[in-house]
**Q** 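Quick one: structure below, then a few questions.
By convention here, the first residue in the shown sequence is residue 1. Just so it is clear, the values below take in all heavy atoms, side chains as well, and ignore hydrogens, waters and symmetry mates.
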Amino acid sequence: MSKQAKTKSPQHRVPLLELEGLATSFFTQRGEVQAVRGVSLQISPGKILGIVGESGSGKSITCMSILRLLKSSGKIIGGKAMFEGTDLFTLKEEEMRQLRGNDIAVIFQDPMTSLNPTMSVGDQVMETILRHKNVSKAEARARTIELFELVRIPSPESRLNSYPHEFSGGMRQRVMIAIALSCDPKLLIADEPTTALDVTIQRQILTLIKDIQARMDMAVILITHDLGVIAEVTDRVLVMYGGLVMEEGRVNDIFANPRHPYTQGLMASIPDMSGKRQARLQPIPGSPPDMNAPPTGCPFSPRCEHVRVQCSQELPPLYGREDANYLVEGQSVRCWLHHSDAPFVEGVNSPDLVQVER
Ligand SMILES: Nc1ncnc2c1ncn2[C@@H]1O[C@H](COP(=O)(O)OP(=O)(O)OP(=O)(O)O)[C@@H](O)[C@H]1O
Ligand code: SF4
Ligand SMILES: [Mg+2]
């Protein structure tokens, strides 16, 4: 590999990407769909950030906005995306195109639709390398073999000439990962990369991503519906609902002490909080908000068992440890129950939750 494990430097602590107040809407015949309504996040090199939330919560559109790969009706209407000090939202399209696939790579859910069925898998990886790097064809081929080894495709040299339909779903996803890694990205965005695969293969692919991420000191944003995956693979987690961040923090803290009623609803769907889980999200009673006309106040208010008058009138801010001392460092929660005047609600704003060893 041309890029072996990098040494960790003080730079490690500087965020690679800082997204601030992202707002993205779709302007459709039915009116404005407010898909993302002010999302901020940070990610540093060598870290994995998980984004979790029900369908329609804005996970993919947040990432598509960072990549500036929105459908034409989608517009970024607010916010900044500082990547190594440059706001991605101010780059020219050509500069952004250079960055995509070079510094920032993406893997989607369905490798069959992302791969070209008429081209061999080897050619598809080589094509990406030749487009982005100033190398000869022979060098691109050698690099492709290295990448196939890295993503553990058996007999890499002889598989270069295979076509996507000759590969299983798991192997196709490995090819997609090889394409994504071909230019040594600093940030990999993986949008439900294993949802289409069976459980054993899912685990293999996620272990592979985590292993490669650590070796390459790459930052990864991993979108998933699966809280088990979040628990096992990520460092921090961001819980989204109604186009907003509802709760954020270190994975261990959020799993030990979820403080948002929505996060608690998600966690309640996990049968075994300490074991190796396969659990997927169970629907919480009620439906997610219509983003054509999201509720004025807390978007979770129509489904929340603790709802109060103020909740449906005004959007709560994100509260942190400086507002509520039972929250842990780096945890933030968008719920009125963390206001200093809020009534005591057992399990939500009580200070006595137990740290769970994971
Ligand atoms: N092309 C589009 N036109 C109009 N609205 C859209 C479009 N794409 C997404 N949306 C809306 O934006 C909101 C956020 O969608 P997004 O795809 O980010 O959800 P998600 O959290 O990734 O869900 P899932 O888990 O199902 O992938 C949803 O309300 C969705 O209906
Ligand atoms: S702000 Fe109100 S409705 Fe929203 S989660 Fe908190 S208690 Fe529930
Ligand atoms: Mg999605």
**Q** For residues 293-315, which residue pairs qualify under ring pair (Phe, Tyr, Trp, His ring centres under 6.0 Å), counting only residues two or more places apart or in two chains?
**A** Y241-F300, Y262-F300
**Q** Are more than 12 heavy atoms from other residues, nucleotides or ligands located less than 6.0 Å from atom CZ of R97?
**A** no
**Q** Checking side chain to side chain contact (heavy atoms under 4.5 Å, CB included) against S65, which of L70, L19, V39 comes through?
**A** L70
**Q** Among all residues two or more places apart in sequence or in another chain, which pass the salt bridge (charged side-chain N to carboxylate O under 4.0 Å, His left out) test with D198?
**A** none
**Q** Is the number of heavy atoms from other residues, nucleotides or ligands within 6.0 Å of CD (E329) greater than 12?
**A** no
**Q** Donor-acceptor pair, distance only, cut-off 3.5 Å: does the side chain of D191 make one with the backbone of V106?
**A** no
**Q** Any pair with a residue in residues 158-167 that passes salt bridge (Lys or Arg N to Asp or Glu O under 4.0 Å), sequence neighbours left out, goes on the list, sorted by first then second residue, please.
**A** none
**Q** Can you name the residues that form a salt bridge (charged side-chain N to carboxylate O under 4.0 Å, His left out) with E157, not counting sequence neighbours?
**A** R141
**Q** Please indicate whether R100 has more than 12 foreign heavy atoms, meaning atoms of other residues, nucleotides or ligands, lying under 6.0 Å from its CZ.
**A** yes
**Q** Kindly determine whether R259 and E247 satisfy side chain to side chain contact (heavy atoms under 4.5 Å, CB included), including the steps that lead there.
**A** CA-CA 8 Å; R259 293 289 190 168; E247 183 157 8; 3.7 Å; yes
**Q** Is there any side chain to side chain donor-acceptor pair (under 3.5 Å) pair reaching into residues 76-88, and which pairs are they, with sequence neighbours excluded?
**A** E84-K186
**Q** Under the rule for side chain to side chain contact (heavy atoms under 4.5 Å, CB included), what residues qualify as partners of E32, not counting sequence neighbours?
**A** S25, F27, Q34, I77
